[in-house]
Amino acid sequence: MKQIIFFALLLSFIGVSAQEQTYTKRISIYAGPSPYLTPVDNGTGYNAPGIQHEFRHNPVVLGVEFTKHWRGNWHYFLTAQGALNVIQGRTTIRPPQALPPSIVRVETRRGEAESFQIMLGGGLQAHLLEKKWLVLRAQLGAMAAYVQDRNEISRGISLMTERTPGEFVWETGGTAQHEIIRQVIPVGRAGLGIDVTPVFAKGFSLGVDAFYLISPRFMEGSWTRNDLNNTLATSGSYEIGWNNMILAGCLSYRW
């Protein structure tokens with residue numbers, strides 16, 4: 001008898017839990033980094049061929065997002081997001097740029113710059129699959145970002161010269177300047193996310209978001225190399241965009 005009552009209560013609990021419940025609103029907090037230093041972004045140079053500017057971006061984001069049902073499987077979302085962006089850069093010079101005899105290439109030491117962005121925006125979100133305990137969603141949107149430059153590099157630099165294949169020597173001479181050039185930038189956002197809601201959570205869910213952020217003309221810089229007599233030997237400038245995949249953990253509440 002006890003077993004029958006137990007299984008009856010269990011089936012009743014499962015039945016109640018299995019009932020579909022419509023959630024029209026969702027608020028979430030998400031945070032996460034770029035999972036690796038990618039992509040390598042070759043800057044657009046404004047000088048003769050032979051100078052390559054290579055950068056790696058590694059942002060960490062923290063944001064709040066509000067989503068509301070619109071029609072069908074479509075929702076709209078509003079988001080406020082902050083990002084700390086660490087940029088690592090390196091410049092390499094090869095022929096046809098003029099180099100001293102027996103020098104195969106000249107390369108700067110890798111430098112870092114930091115900037116902080118505050119982003120506001122929104123877009124559309126499609127629920128590809130929606131159950132009481134599982135939501136699979138895709139979204140596409142745009143944000144406006146205010147950029148606060150935290151560190152400009154404008155100092156003397158070290159040059160790595162390769163006198164013979166495999167033999168590198170560090171020298172000094174020249175300057176490098178990497179700076180954020182735009183205080184307000186547009187940022188596109190596209191991604192996928194999944195939320196899992198335990199039966200006992202009453203609307204709370206844990207999830208993972210993978211989204212891509214992209215913005216043109218995020219940063220520019222200049223580079224010069226001096227010869228042993230401190231005379232200008234090579235110079236160039238460049239600009240790069242901001243392109244990153246973000247992998248973030250998400251805590252949400254739906255009602």
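Side chains included, hydrogens not; waters and symmetry mates left out as well; all remaining heavy atoms used. In this chain, numbering begins with 1 at the start of the sequence shown.
For P186 against P216, the heavy-atom pair with the smallest separation is O-CD, 4.2 Å. What you find for V187 and A145 is that their closest heavy atoms are CG2-CB, 3.9 Å.
The OH atom of Y146 sits 13.0 Å away from atom CG of L120, with the distance rounded to the nearest 0.5 Å. Distance check, rounded to the nearest 0.5 Å: NZ of K202 to OG1 of T197 gives 14.0 Å. How far CZ of F211 is from CE of M245: 9.5 Å, rounded to the nearest 0.5 Å. With rounding to the nearest 0.5 angstrom, the NE2 atom of H127 is 9.5 Å from the CG atom of L136. Summarising the geometry, atom NZ belonging to K68 is positioned 9.5 Å from atom NE2 belonging to H75; distances are rounded to the nearest 0.5 Å. Here the CH2-NE2 distance, from W74 to H69, works out to 11.5 Å after rounding to the nearest 0.5 Å.
Remark: of the listed residues N73, L192, D209, D209 is the sole one forming a side chain to side chain contact (heavy atoms under 4.5 Å, CB included) with R137. A side chain to side chain contact (heavy atoms under 4.5 Å, CB included) with L206 holds for exactly one of L251, V196, D195; it is L251.
F77 is not listed as a side-chain neighbour of R26, based on a closest heavy-atom distance of 4.5 Å or more. Contact of the V61 side chain with the M119 side chain is not registered, since no non-hydrogen atoms from C-beta on lie closer than 4.5 Å. Residues I246 and Y30 fail the side-chain proximity criterion, which asks for heavy atoms closer than 4.5 Å. Residues L213 and Q117 have side chains not in contact (no heavy-atom distance under 4.5 Å, counting atoms from C-beta outward). The side-chain heavy atoms of Q139 and E65, taken from C-beta on, include a pair separated by under 4.5 Å.
Cluster annotation: W133 and L129 are assigned to the same hydrophobic cluster (Ile/Leu/Val/Met/Phe/Trp/Tyr, side-chain heavy-atom contacts under 4.5 Å, transitive).
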